[in-house]
Amino acid sequence: MKQIRIPTFLHDVFGEKQSIASLLAVLLFGGLLTTTMGLIFPELTGNLPVWRIVLALLLIFDIFSGCIANFSPSTSNFYAARKTNRIVFIAIHFHIVIVAFLLNTDIGYVIGIWAYTILGAFIVNSLMGKQSQRFVAGLLLSIGLGCMPMLPDMKPYMLITCSLFMLKVLFSFAVDHYGRTTNSLGEET
């Protein structure tokens with residue numbers, strides 16, 4: 001696939017080079033899922049001021065698109081080479097809480113999900129280069145995804161958004177998907 005150079009100000013989102021197909025997949029996934037969710041759940045936009053709706057939908061689009069972008073070799077490798085950037089990027093992922101406040105829904109649940117996700121991402125990040133990283137990330141993600149639907153009366157659109165936020169930060173972003181790991185004997189795998 002043809003690779004294009006990504007402008008410097010977008011390196012934190014897409015890495016340094018990205019295929020056109022990957023860029024389209026990221027943007028289409030984010031755009032189509034955000035639009036579909038808005039259409040299926042009209043209560044999402046309810047009686048809120050337009051500025052709150054627009055900002056919430058932009059942040060939701062960012063969560064959905066970032067979920068896929070972080071799986072790309074370019075984005076994963078960009079952060080694998082910049083450990084400080086990865087820590088900062090995990091720490092600033094507070095926008096799921098902002099979405100809950102903007103939509104005025106499930107705020108308590110979302111704060112708990114956010115805290116679990118960020119703590120889990122820091123745990124997974126601390127295992128960088130270790131064979132256990134993907135397993136621990138998968139375990140923590142599975143626990144989170146398994147428990148979220150059991151939260152009583154959580155809005156379906158927030159469940160979708162929180163699930164993809166958790167996937168984005170805890171597994172898609174915090175895991176070095178394309179780097180080399182070492183096994184318990186110190187051998188590269």
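Since we're looking at a predicted model, the values are computed, not measured.
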So, taking the atom named CZ in F101 and the one named CD1 in I107, what distance separates them when rounded to the nearest 0.5 Å? 4.5 Å
Same cluster or not: are M150 and M148 linked, directly or through other Ile, Leu, Val, Met, Phe, Trp or Tyr residues, by side-chain heavy atoms under 4.5 angstrom apart? no
Of all heavy-atom pairs between I63 and I96, which one has the smallest distance, and what is that distance? CD1-CD1, 3.8 Å
If we ignore angles and hydrogens, is there a donor and acceptor under 3.5 Å between the side chains of E16 and S74? no
Please check if the side chain of D106 supplies one atom and the backbone of K155 the other of a donor-acceptor pair under 3.5 Å. yes
Find out whether L32 and F64 are in side-chain contact, i.e. whether some heavy atom of one side chain is under 4.5 Å from a heavy atom of the other. no
Side-chain (Y109) to main-chain (P152) donor-acceptor, under 3.5 angstrom: yes
Look up atom CG in L27 and atom CG in L23, then write down how far apart they are to the nearest 0.5 Å. 6.5 Å
Taking S65 for its side chain and D62 for its backbone only, find out whether a donor-acceptor pair lies under 3.5 Å. no
Verify the cluster assignment for W51 and I60: are they in a single hydrophobic cluster under the rule of side-chain heavy atoms below 4.5 Å apart? yes
How many angstroms lie between atom CG of L164 and atom CG of L145, to the nearest 0.5 angstrom? 8.5 Å
Where is the tightest heavy-atom contact between G120 and L170, given as atom of each residue plus distance? C-CD1, 3.1 Å
Quick one: pull up CG in L141 and OG1 in T117 and give me the separation to the nearest 0.5 Å. 8.5 Å
Do the non-hydrogen side-chain atoms of M128 and R86 ever get within less than 4.5 Å of each other? yes
Work out which heavy atom in M166 is nearest to a heavy atom in G144; give both atom names and the distance. SD-CA, 3.5 Å
Kindly check if the number of other-residue, nucleotide or ligand heavy atoms within 6.0 Å of CZ (F135) is above 12? no
Heavy atoms, side chains only, cut-off 4.5 Å: are L57 and L44 in contact? yes
Hey, does Y116 have a side-chain heavy atom less than 4.5 Å from the side chain of C162? no
With heavy-atom distances below 4.5 Å as the criterion, would you say the side chains of I118 and F94 are in contact? no
Below 30° counts as parallel, above 60° as perpendicular, anything between as tilted: where do the rings of F171 and F71 land? tilted
Closest heavy-atom pair, S172 versus C67, reported as atoms and distance to 0.1 Å, is OG-O, 2.7 Å
List the steps and the verdict of side chain to side chain contact (heavy atoms under 4.5 Å, CB included) for Y157 and I40. CA-CA 9 Å; Y157 54 87; I40 290 177; over 6 Å; no
Do L102 and I53 touch side chain to side chain, with heavy atoms closer than 4.5 Å? no
Is there a side-chain contact between M154 and I113 (heavy atoms, below 4.5 Å)? yes
Taking atom CZ of R52 and atom OG1 of T45, what is their separation to the nearest 0.5 Å? 12.5 Å
Side-chain heavy atoms under 4.5 angstrom apart, residues restricted to Ile, Leu, Val, Met, Phe, Trp, Tyr: same cluster for L151 and I143? yes
I'd like to know if I92 and L59 are part of one continuous hydrophobic network [Ile/Leu/Val/Met/Phe/Trp/Tyr, side-chain heavy atoms within less than 4.5 Å]. yes
Are any side-chain N or O atoms of N125 and backbone N or O atoms of A121, one a donor and one an acceptor, separated by less than 3.5 Å? no
Over all atoms of both residues, closest heavy-atom pair of T35 and G31: OG1-O, 2.8 Å
Side-chain heavy atoms of K17 within contact of I6, under 4.5 Å: no
Can you say whether the rings of H95 and H93 are parallel (under 30°), tilted (30 to 60°) or perpendicular (over 60°)? tilted
So, using salt bridge (Lys or Arg N to Asp or Glu O under 4.0 Å) as the criterion, who are the partners of E43 when residues are at least two apart? none
According to a 4.5 Å side-chain heavy-atom criterion applied to Ile, Leu, Val, Met, Phe, Trp and Tyr, with indirect links allowed, do F165 and F122 form part of one hydrophobic cluster? yes
In terms of side-chain geometry, is the basic nitrogen of R134 or D176 positioned less than 4.0 Å from the acidic oxygen of its partner? no
Please report the interatomic distance CD1(I68) to CZ(F29), rounded to the nearest 0.5 Å. 4.5 Å
Is the backbone N or O of L159 less than 3.5 Å from a side-chain atom of S163, with the two atoms forming a donor-acceptor pair by type? yes
If I compare all heavy atoms of Q133 with all of V124, which pair ends up nearest, and what's the gap? NE2-O, 3.1 Å
